[in-house]
Amino acid sequence: MAINYKFNQWRESGEATTEITERGYKLLRSGHGFFSGQTIGYILYKHYILGESANVLCREFKQVPHQTVKAVIRGSFSPEAFNRFFDLVENEPEQLDKLFKGEILNV
């Protein structure tokens with residue numbers, strides 16, 4: 001199910017969603033290549049917030065190459081997404097929980 005971010009509502013049903021802050025939007029829009037900002041942010045969330053190791057993440061994200069997962073964790077794959085993630089960590093940690101614990105996005 002997709003979200004129409006401009007109006008904070010589900011595209012199919014038109015129902016309102018939980019509001020995403022501007023920093024949250026910026027993280028979700030900061031994709032790189034084939035990988036969305038949501039995927040990059042989720043990898044960072046699982047590693048830095050939940051404490052999962054790179055090997056566990058590589059097994060979970062089979063569609064993402066092992067080298068890419070490690071580069072995302074180091075911040076060299078998408079420095080923009082990496083910086084936006086840590087901006088959210090510092091300023092709006094509750095937004096990260098909303099985004100990646102399934103309250104807003106179905107990850």
Side-chain angles (χ1 to χ4, degrees):
M1 196 174 229
I3 295 176
N4 183 348
Y5 295 111
K6 186 174 182 180
F7 301 107
N8 275 329
Q9 61 184 333
W10 295 107
R11 290 185 195 273
E12 289 82 14
S13 67
E15 295 177 22
T17 64
T18 305
E19 188 173 330
I20 301 173
T21 63
E22 186 63 33
R23 285 185 175 107
Y25 282 128
K26 286 181 180 180
L27 173 62
L28 295 177
R29 286 186 249 157
S30 62
H32 181 75
F34 293 110
F35 304 106
S36 67
Q38 178 181 350
T39 302
I40 294 169
Y42 193 55
I43 290 170
L44 292 169
Y45 180 79
K46 299 273 281 186
H47 181 72
Y48 288 105
I49 305 300
L50 300 180
E52 292 189 10
S53 70
N55 290 331
V56 170
L57 292 172
C58 289
R59 286 192 296 273
E60 183 177 343
F61 294 96
K62 293 179 181 164
Q63 74 277 16
V64 181
H66 184 76
Q67 301 90 333
T68 304
V69 170
K70 290 199 172 206
V72 166
I73 291 170
R74 281 192 313 268
S76 61
F77 181 74
S78 176
E80 177 185 8
F82 188 81
N83 291 334
R84 288 184 176 174
F85 175 81
F86 281 103
D87 182 40
L88 272 173
V89 169
E90 290 176 12
N91 298 305
E92 300 173 357
E94 69 283 346
Q95 185 69 33
L96 282 174
D97 291 336
K98 286 180 184 178
L99 287 172
F100 299 116
K101 281 193 174 179
E103 291 180 34
I104 297 174
L105 306 173
N106 296 325
V107 287

[X] versus [Y]: any side-chain heavy-atom pair under 4.5 Å?
X    : Y   : value
V64  : L57 : no
F82  : F77 : no
D87  : E92 : no
F100 : L44 : no
Y42  : L99 : no

Straight-line distance of [X] [atom1] to [Y] [atom2], nearest 0.5 Å:
X   : Y   : atom1 : atom2 : value
K46 : E60 : NZ    : CD    : 4.0 Å
K70 : N55 : NZ    : CG    : 6.0 Å
N83 : L88 : CG    : CG    : 11.5 Å

Check: Charged N to carboxylate O below 4.0 Å: is that the case for R23 and E94?
Finding: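 Looking at E94 together with R23, the answer is no, because their closest N to O distance does not fall below 4.0 Å.
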Margin query: Grouping I, L, V, M, F, W and Y whenever their side-chain heavy atoms are under 4.5 Å apart, do F86 and I49 come out in a common cluster?
Written below: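 Yes, one cluster joins them.
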Note to self: With a 4.5 Å cut-off on side-chain heavy-atom distances among I, L, V, M, F, W and Y, is there a chain of contacts connecting L50 to V89?
What the structure shows: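 They do share one cluster, since a chain of ILVMFWY contacts under 4.5 Å joins L50 to V89.
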Where is the tightest heavy-atom contact between [X] and [Y], given as atom of each residue plus distance?
X   : Y   : value
S76 : P79 : O-CD, 4.1 Å
F35 : Q63 : CE2-O, 4.4 Å
H47 : A54 : ND1-N, 4.3 Å
A81 : I40 : CB-CG2, 3.7 Å
C58 : H66 : SG-ND1, 2.6 Å

Note to self: Has Y48 got a side-chain atom pairing as donor or acceptor with I73's backbone, closer than 3.5 angstrom?
What the structure shows: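 Between the backbone of I73 and the side chain of Y48 there is a qualifying donor-acceptor contact (under 3.5 Å).
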Note to self: Run R29 and E22 through salt bridge (charged side-chain N to carboxylate O under 4.0 Å, His left out) and show every step you take.
What the structure shows: CA-CA 11 Å; R29 286 186 249 157; E22 186 63 33; 3.7 Å; yes
